[in-house]
Amino acid sequence: MPLSGSVPDPAPYGGAAPQPRAAWSTSRKLFVLVMFLIMLAFNLYLLHSINSSSSSDWRQSDPWWQESDIVETDSVPWEVAGAVVRPDTAVVPSGQWLNGLQQAWGLDFPAADGGAEQNVRVSSNGSVLVTLERANLWQGTVKGWDVGGGEPRQLWSHTVQDLDSPGIGDERKSTWVGSTLFVGHYAVNADTGQIVSLTWMRQEAEAHSDKDLRVTADLMLVACDSSTGGCSGRRADGTVVWEASTGLAGTDMWGSAASTGHDWIWLGRASTSNVFLDGATGQVKTSSFEPVQRCWRAPAADGWLVACEGGSHIRALAADGTPVEAFDAAHWPVSTRSKHECSDASVPIWGQEPTLAQATAYYRDSDASATRGVLTPADCGHIEYQAPDGATTALDLTGDDEQRAFTLGDSGGELQDQLSVSDDGRVLAIGNSVLIDLTTGQYMDFADSAPDRPALIAPALMLTKTDTNLTATAPR
């Protein structure tokens with residue numbers, strides 16, 4: 001019975017009892033929420049996949065993000081053989097330069113992508129040319145060229161990252177062994193374009209700097225760390241032959257001389273004891289000779305001559321630094337002029353590296369019989385050439401506004417180290433860049449508008465360079 005005053009609920013359809021709706025509504029909401037979360041997760045996954053793919057593709061195409069393909073290794077993975085050509089090696093010019101000059105060929109290098117300025121750099125052993133040009137803001141392109149006959153023929157091309165790129169053109173750090181170019185801590189196969197980074201050529205205390213490298217006559221790779229004084233000798237295949245500590249940091253390699261088949265390397269610095277290192281065994285000898293700040297050093301095939309500013313004698317040292325003698329000089333090798341002038345010291349031109357006896361005979365006794373002549377600068381634009389027979393020729397270099405025959409040394413302007421005369425005695429080359437007609441004394445102008453120093457890369461091939469062009473000149 002309903003209570004008095006109440007209204008009875010309507011009877012359910014079909015007479016069924018009423019069911020609660022709260023539970024059904026909660027289940028439906030939970031189902032919808034789960035489906036929404038599943039769809040949201042799926043869409044986020046698709047979006048992430050698309051973005052990841054796009055990002056990967058973009059990174060692959062962006063030069064900044066591309067990884068270097070230069071492999072770090074402790075060995076050179078190809079055969080290293082052939083003649084050793086160092087920056088101080090003089091190229092003997094051809095006598096045919098007196099027939100006149102003609103352009104042999106030219107190479108143009110296009111502007112780099114992204115607005116980067118082009119600045120081509122080059123290194124050559126005379127038959128193969130390696131160039132480095134800017135590809136874009138973040139990359140360069142290393143190329144190899146066969147220049148052994150006629151027009152240059154491109155052999156290969158290798159794109160490198162700027163942060164992992166060999167310093168092509170840095171002649172101070174460059175040594176050629178056959179067709180292998182060692183530059184800094186890199187080795188470049190000029191025949192194939194393969195480039196490797198040599199781990200043992202990095203300094204220990206300053207990893208961003210390279211060790212000094214000297215390749216001996218028997219192809220021992222001698223690397224010295226000026227930050228620690230440690231040195232090692234190894235073969236190109238990675239075999240470590242010896243390791244040694246010189247006990248002297250902060251040194252420079254001042255050259256090498258041979259004794260009993262061993263190349264002794266002079267590791268020196270001013271105002272301190274110097275060491276001499278046997279490139280074959282790693283034996284270290286400390287010399288009692290202490291050069292002062294400004295000294296002249298002339299390596300001979302089997303020893304050294306040394307004269308220091310303010311001194312009165314020339315000292316002769318054996319290949320291992322052992323003192324041989326000190327003598328009064330008939331030709332004082334250090335300039336008597338101020339540092340702001342070109343040197344007035346007479347310099348002999350050797351046909352090949354002299355023996356210590358031949359070098360001593362010239363500086364002590366004025367015996368020039370083993371030379372190809374002697375150069376004595378009057379000033380930066382005039383040099384006297386005395387031939388082996390005693391005849392003299394006045395050389396006029398006033399046409400060379402850049403004074404390329406001289407380099408700035410400790411005592412001022414000094415003649416370039418690389419001096420050579422053609423086999424017929426008619427052409428003089430100074431610094432592998434300046435050619436002079438010895439029959440007239442006239443300077444041959446190759447530079448024209450090229451700002452960089454011309455380079456005699458072969459007896460009959462002179463290379464001039466701008467930032468965007470290489471031009472080869474040959475005799476007619």
Side-chain angles (χ1 to χ4, degrees), residues 88 246 248 250-259 263-277 284-350 352-378 383-384 386 388 390 406-417 419:
D88 58 355
T246 65
L248 191 64
T251 60
D252 294 316
M253 285 186 173
W254 283 349
S256 64
S259 175
D263 282 357
W264 286 85
I265 300 169
W266 188 346
L267 298 171
R269 68 183 188 190
S271 304
T272 186
S273 298
N274 287 206
V275 296
F276 292 80
L277 176 69
V284 176
K285 285 190 174 182
T286 301
S287 172
S288 59
F289 172 69
E290 296 186 3
V292 295
Q293 193 65 30
R294 296 187 179 94
C295 288
W296 164 88
R297 297 175 299 276
D302 54 349
W304 318 81
L305 293 181
V306 186
C308 294
E309 194 175 75
S312 60
H313 294 82
I314 294 180
R315 297 173 180 268
L317 308 177
D320 63 358
T322 302
V324 176
E325 64 173 316
F327 56 85
D328 292 326
H331 301 283
W332 185 244
V334 181
S335 176
T336 62
R337 294 176 178 154
S338 75
K339 293 186 62 177
H340 304 291
E341 299 178 274
C342 289
S343 170
D344 60 354
S346 297
V347 181
I349 304 169
W350 302 103
Q352 58 185 8
E353 192 171 33
T355 64
L356 185 59
Q358 290 172 331
T360 299
Y362 171 75
Y363 284 102
R364 183 187 61 197
D365 308 321
S366 294
D367 180 358
S369 59
T371 74
R372 297 302 310 278
V374 178
L375 298 176
T376 305
I383 300 175
E384 181 186 81
Q386 182 176 19
F406 295 86
T407 184
L408 184 61
D410 289 340
S411 300
E414 301 172 355
L415 279 173
Q416 298 278 354
D417 290 334
L419 302 172

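Keep in mind it's a predicted model, so treat the numbers as computed, not measured. Nothing fancy with the numbering, it's 1 onward along the sequence.
I314 approaches A307 most closely through the heavy-atom pair CG1-CB, 4.0 Å. Scanning both residues, A318 and V324, for their nearest heavy atoms gives N-CG2, 3.5 Å. Residues L317 and G321 share a closest heavy-atom pair of CD2-O, 4.0 Å. Closest approach of S312 and W332 over heavy atoms only: C-CZ3, 3.9 Å. Considering all non-hydrogen atoms of both residues, A345 and P377 come closest at O-CD, 3.4 Å. Nearest heavy-atom pair across E353 and P299 is OE2-O, 3.9 Å.
The closest donor-acceptor contact from the side chain of D302 to the backbone of L356 lies under 3.5 Å. A donor-acceptor pair under 3.5 Å is absent between the side-chain atoms of N274 and the main chain of W266, judged by distance alone. The main-chain N or O of P323 is never found under 3.5 Å from a side-chain atom of R315 such that the two would form a donor-acceptor pair.
Atoms CZ and CZ, on R364 and F327 in that order, are 6.5 Å from each other to the nearest 0.5 Å. Considering CH2 of W304 and OG1 of T322, their distance stands at 12.5 Å, rounded to 0.5 Å. A distance of 8.0 Å separates OG1 in T355 from CH2 in W350, rounded to the nearest 0.5 Å. Rounding to the nearest 0.5 Å gives a distance of 7.5 Å between CG of L277 and CH2 of W264. The distance from the CD1 atom of I265 to the OG1 atom of T246 is 11.5 Å, given to the nearest 0.5 Å. With rounding to the nearest 0.5 angstrom, the CD1 atom of I349 is 5.5 Å from the CG atom of L419.
Looking at residues two or more places apart in sequence or on another chain, you find no salt bridge (charged side-chain N to carboxylate O under 4.0 Å, His left out) involving E384. With sequence neighbours excluded, the residues satisfying ring-ring contact (aromatic ring centres under 6.0 Å, His included) with W296 are Y363.
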* To do: Take L305 and R297 through the side chain to side chain contact (heavy atoms under 4.5 Å, CB included) test and state the conclusion after the steps.
  => CA-CA 6 Å; L305 293 181; R297 297 175 299 276; over 6 Å; no

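Within a 6.0 Å sphere centred on CD of E325, heavy atoms belonging to other residues, nucleotides or ligands number more than 12.
For the pair L375 and L415, the minimum side-chain heavy-atom distance is below 4.5 Å. Counting heavy atoms from C-beta on, the side chains of R269 and L248 come closer than 4.5 Å.
Partner of F276 under the side-chain contact (heavy atoms from CB on, under 4.5 Å) criterion, chosen from S259, S256, S287: S287.
Aromatic ring pairs are classed by plane angle as parallel below 30°, tilted from 30° to 60° and perpendicular above 60°; the pair H331 and Y362 is parallel.
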